[in-house]
Amino acid sequence: MILAAYGIVATWQTANSGRVYATYGGVFIVLALLWAWKADGFKQDKWDIIGASIALIGACIIIYMPRTVNYYYSCTGKLV
């Protein structure tokens, strides 16, 4: 229940909520593997590391790449 509420809170961001939520997902994957390693003694294999790295790189691309036009503005003609 708490995890679901935590996931919903990210969507309440006023600017680029979709990007914030997608980035949260990538970071969550990495943190979940770190938690499993430290708290549960779970040993990640190379595919866990590669997958988490891809997710984190994707999150960085989503949040940090420059945008020239606001997609919402270009579709509706209104600036939010």
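FYI, the numbering just counts along the sequence from 1.
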- Should V30 and W37 be regarded as members of a common hydrophobic cluster, given that ILVMFWY residues are connected when their side-chain heavy atoms come within less than 4.5 Å of each other, either directly or indirectly? yes

Query raised in the report: If you group Ile, Leu, Val, Met, Phe, Trp and Tyr by side-chain heavy-atom gaps below 4.5 Å, do I57 and M65 land in one group?
Result: yes

Please check: side-chain N/O of D40 versus main-chain N/O of F42, any donor-acceptor pairing under 3.5 Å?
no

dist I50:CD1 -> D45:CG (nearest 0.5 Å) comes out at 8.5 Å

Looking only at heavy atoms, the pair that brings A59 and G26 closest together is CB-CA, 4.2 Å

Interatomic distance, CG@L34 vs CD@Q44, rounded to 0.5 Å, equals 7.0 Å

dist I62:CD1 -> Y24:OH (nearest 0.5 Å) comes out at 14.5 Å

Here the gap from L33 atom CG to I49 atom CD1, rounded to the nearest 0.5 Å, amounts to 7.0 Å

Rounded to the nearest 0.5 angstrom, the OG1-CD1 distance for T23 and I63 is 3.5 Å

